[in-house]
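Numbers here are sequence positions counted from 1. Only heavy atoms go into these numbers, but all of them, side chains included; no hydrogens, no water, no symmetry mates. Whatever order the structure lists them in is the order used to number ligands and atoms, beginning at 1.
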Amino acid sequence: MTTPDPHHQNDFLAKLAPELKPLEVAGPTHADQHGKRRAALASWISQQGGGLVILSAGEEIVLNRDTTFPFRSHSDFLYMTGFPEPDAWWIMQVNAEGQTKNVIACRPRDTEREIWDGIRVGPQQAAERFGMDCAVDVTELDHHVIELAANLPAFYAHLGNHHDIDQKLRQWLHALRAQGRAGVNAPDRIVDVGQVIARQRLIKDSSEISTMRLAAGYSAAAHVRAMEFTRPGHREYEIEAELLHAFRSAGAQSVAYGSIVASGPHSCILHHRAGSRAIRDQELVLIDAGCELDGYASDITRTFPANGKFTPHQRAAYDVVLAAQDAATAATRVGEAFTAPHDAAVRVLTQGLLDLRLIPKQSLEGAIESGAYKRFYMHRTGHWLGLDVHDVGDYNTRLTPGMVLTIEPGLYIRPAEDIDPGFWNTGIRIEDDALVTLGDAELLTRGVPVAAEAIEALMRNRD
Ligand code: GLY
Ligand code: MN
Ligand code: MN
C-alpha cells in the first residue's frame, strides 16, 4: 500500500485502458507524504500549545464466529501513517516549541498467528518502515500513552465515534490525574482531531491525486466493460459481477461502496443495490459503482439503455441531465462556493422539467424558488471524495485547487397519473469525479463515454 505496485500494469488494463500506467508520482514518495502530513498537523498543534495525538487504526470486525470482514484501517490513521494492520495506534507527542515524537504501537510478531493470518510488521521493523521515531508493542499501549501525555495540555483524539476510544481517554486521564501529587499535570482539554485532519484531507496532495486518478481510470474501464456486457435478459447481479471482475483484475483492493445496478423501475431508487431482477428491453440501466485503490475511492454513475438505443423520452430526459452536469462542471471553479455547481445544475434541470412539461408551467425563478424540481431531483449535486467515498471536509467553503468532488445531477421520474407514461421509470444520474484546478475542473472519470451518441456507439460496436 505504500509503494507503487507493478500489478497495476496487466493484460486486462492494457486492453481496456491502455493510457493507464502504474503510479507515476512526481516528487516525494508516499512515505514522504505521510511524514509531511504529520509535520503539518504537528505544526498546527504546537501553535495551540502542544498536545498528544492518538489515533486508532481500528480492529477487525467479526462476520461470524472466527471469520472477519476484510480489514480496512480508519481513514485518518491511513492518511497519517500508511500502516496497514489492525490493532495499531499512532501517537504523536508535540510540544509548544514544535518538537515531535512519532510512535507506532502495533501487534507483536507471533509465529503461530502469522502461519494462519499472514506476516505482521512487528515493533522491531515498524519504526523504520513507516518513518516513525519508535515503535512499541500495542499490548503496552496504556503505559506509553500515559508517559507521553504527562504535562501536555491536550489530547487530540477522535471524539464521540467509538465507545472504546472515549473510554480509554477517560482511563488515561484518570491515571494521569492520579500522578498529580508526583508533580504531573494531566491534559485539561480533549480536541476532536478528526475535525483538524479533515481540513488537511480536503486538499489532496500529489500522491493522493495520482492514486485517485488511477482509481478513477480503473472504475471508468469497469463501466465500459459493464456497458459492453449489458443486454436485455441479463440480471442486475450479472452486471455487478462484471464490475467486480474489472475492479479486481485492475488491482483495486475493493469497491468504494456497494455497487448500484438499477434497472427499469429500480433506476428511480437512489441507492438500489444490484439485485436479481432481469432487465427488460427498452429499459434504462443505472450503474453507480467505483473501486477503492490503495485506500482511495472513485465514484462514477452512468445511465444507458439496456438494448443500446435510448427511447425518445429517455433521450430527452438524459440530455437535460447531461446539460445540468455540464453547467455544474463549468461552475466548479476556484473561489466558487461548494454550492455553486448544485445551483447551476438545479437551474438547468428545472428548465428541462418545464420544457418537458413535467412540472406545471411557471417562471423558471418561481419553479426554483418553490422547489418544484425536488419531486424529480431530491439529492445534492456532489460531495467530497477521497479516502472515504463521502469524504470528510467542511461544505461551507470555497473551492480551492486540490479539492476533489463528485458532480452528479439526476432526474428520477416515477409512474404517476399526471406524468406522460413515456417517462415512467426513467431514473437518470450522471456522475463524474472532478479535481479543482486553477483553470477548468479536471474530470478524472471520463474514460467512460457520457454523451448519449457515444454510449449508443459503444453499445452498437461492442461485438
Ligand atoms: N455512490 C454514492 C454516491 O454517489 O454518493
Ligand atoms: Mn457520489
Ligand atoms: Mn455514486
Verify, without hydrogens or angle tests, whether Ser370 (side chain) and Gly366 (backbone) share a donor-acceptor contact under 3.5 angstrom. yes
Quick one: does any side-chain atom of Gln282 pair with a main-chain N or O of Thr311 as donor and acceptor, under 3.5 Å? no
Using only N, O or S atoms, tell me which atom of Asp299 is closest to the Mn ion (ligand 3).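 The Mn ion (ligand 3) is closest to the Asp299 atom OD1, counting only N, O or S.
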Taking just the N, O or S atoms of Asp288, which one is nearest to the Mn ion (ligand 3)?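 Going by distance to the Mn ion (ligand 3), the closest N, O or S atom in Asp288 is OD1.
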Phe423 and His313 aromatic ring geometry - parallel, tilted or perpendicular at 30°/60° bounds: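 The arrangement is perpendicular - the two ring planes meet at more than 60°.
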Would you kindly say whether [X] and [Y] are connected by a side-chain donor-acceptor distance under 3.5 Å?
X      : Y      : value
His379 : Glu408 : no
Asp294 : Gln253 : yes
Ser73  : Glu85  : no
Asn425 : His266 : no
Asp433 : Thr445 : no

Using the Mn ion (ligand 2) as the vertex, how large is the angle between NE2 of His383 and OE2 of Glu431, rounded to 10 degrees? 130°
Taking the Mn ion (ligand 2) as the reference point, name the nearest N/O/S atom of Glu408. OE2
Close residues (non-hydrogen atom under 4.0 angstrom from ligand 1) work out to Tyr257, His271, Asp288, Asp299, His383, His390, Glu408, Glu431
